[in-house]
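Okay, structure first, notes after.
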Amino acid sequence: DIEAVNFAAEYKDRVFAEFLREYQAGRTPNPDVLCNAEIKFKAFLDHAMKLGADLIATGHYARVREAPTGKNAGRFELLKALDAGKDQSYFLHRLNQAQLSKTLFPLGEIQKTDVRKIAEQLQLPNAKKKDSTGICFIGERPFREFLNRYLSYQPGPMKTPDGTIVGEHVGLSFYTLGQRKGIGLGGMKAHKNQEGDSDPWYVAHKDIEHNTLYIVQGHDHPWLLSSSLMAAQISWIAGEAPEEQQLSAKTRYRQADVACRLQTSGADAFSLAFPAPQWAVTPGQSAVLYQGDVCLGGGIICGVATPASANAMLPV
């Protein structure tokens, strides 16, 4: 039998409302992370268990295994997918032991190209459908137009690091760190290079208190580089922080793993220090930790330190 269940109300309360709160606060949230933790692996999983199911299976590109030996024997581990280009463990880092123990990821052992071949053999209608990207509930609508329907906003000054006002932003919620397109600022004579060209502008900092947007020129401007970060709302898949401090991390999806040093701050926060500065680390996004192929968990980025700020942690 097939049963269709509507979780729209749960999604609105647990995911969409938080998504809007974060944007209103000037941060850039990742609703897919929250959707997995609150809807697919909580509301849906709970409903499946009430129906008498033993396990649920989803189409995420990831793997789960029960550690057979050693100090982690009996624990369930979340692993990267074998298809590294499609791995989605980043979005699943808030899952816990109870959730993983009831979950199967059939696609985790298969390359995406092979999945499409199987779909063609089965004559599935979505065999050649484009990969989904972006935020599911926005669809094809322009992102700024969508946010404009839900958020209150106030235009304010757009400044360079030296305090020069070079334009006006339309509302801090509509910008994200590292953004290049859609800033609304062309080349300016005073900011051209020796060749007479204008280096591209990037969003580098949001001053929420003064409703000011700071922009910089050049991809590698110091204000776009972070030497460390602070994360809160943390979640460890094993139920406790890892003992190892030299790990790797992702601060955004599709980023290659980068070396980092973990330092926990009680049960609610941790900091990461990077030997090589990282580009456009963005508050509201997730910092996810790995040990090899094993995803350990992570937290929501709430502050960053840049070489330009003398390593002072800047809350954003």
Give a yes or no on this: more than 12 heavy atoms of other residues, nucleotides or ligands lie within 6.0 Å of atom CD of Gln255. yes
d(Asn96 CG, Phe76 CZ) to nearest 0.5 Å is 11.5 Å
I'd like to check Leu34 versus Pro29 (side-chain heavy atoms, cut-off strictly below 4.5 Å). Are they in contact? no
For residues 283-292, pull every pair meeting side chain to side chain donor-acceptor pair (under 3.5 Å), keeping only residues two or more places apart or in separate chains. Ser89-Tyr290
Between Arg65 and Asp293, does any side-chain N to carboxylate O distance fall below 4.0 Å? no
Inspect the surroundings of CD in Gln246 and state if more than 12 heavy atoms from other residues, nucleotides or ligands are less than 6.0 Å away. yes
Quick one: pull up CZ in Arg116 and CG in Asp114 and give me the separation to the nearest 0.5 Å. 12.0 Å
Tell me whether Lys159 is salt-bridged to Asp207, with the criterion being a basic N under 4.0 Å from an acidic carboxylate O. no
Using a strict 4.0 Å threshold on nitrogen-to-oxygen distance, state whether Arg21 and Glu18 make a salt bridge. yes
Surrounding CD of Glu3 (heavy atoms of other residues, nucleotides or ligands, distance under 6.0 Å), is the total greater than 12? yes
Ring-plane angle category for Tyr175 and His169, please: parallel below 30°, perpendicular beyond 60°, tilted otherwise. perpendicular
For the backbone of Pro157 and the side chain of Asn211, can you confirm whether one donor and one acceptor N or O come within less than 3.5 Å of each other? no
Rounded to the nearest 0.5 Å, what's the gap from CG on Leu213 to NZ on Lys206? Could you check? 7.5 Å
How about Lys112: does its NZ atom have over 12 heavy atoms from other parts shown lying under 6.0 Å from it? yes
Is the OH atom of Tyr153 crowded by more than 12 outside heavy atoms at less than 6.0 Å? no
Would one find more than 12 heavy atoms of other residues, nucleotides or ligands at under 6.0 Å from atom CG of Asp268? no
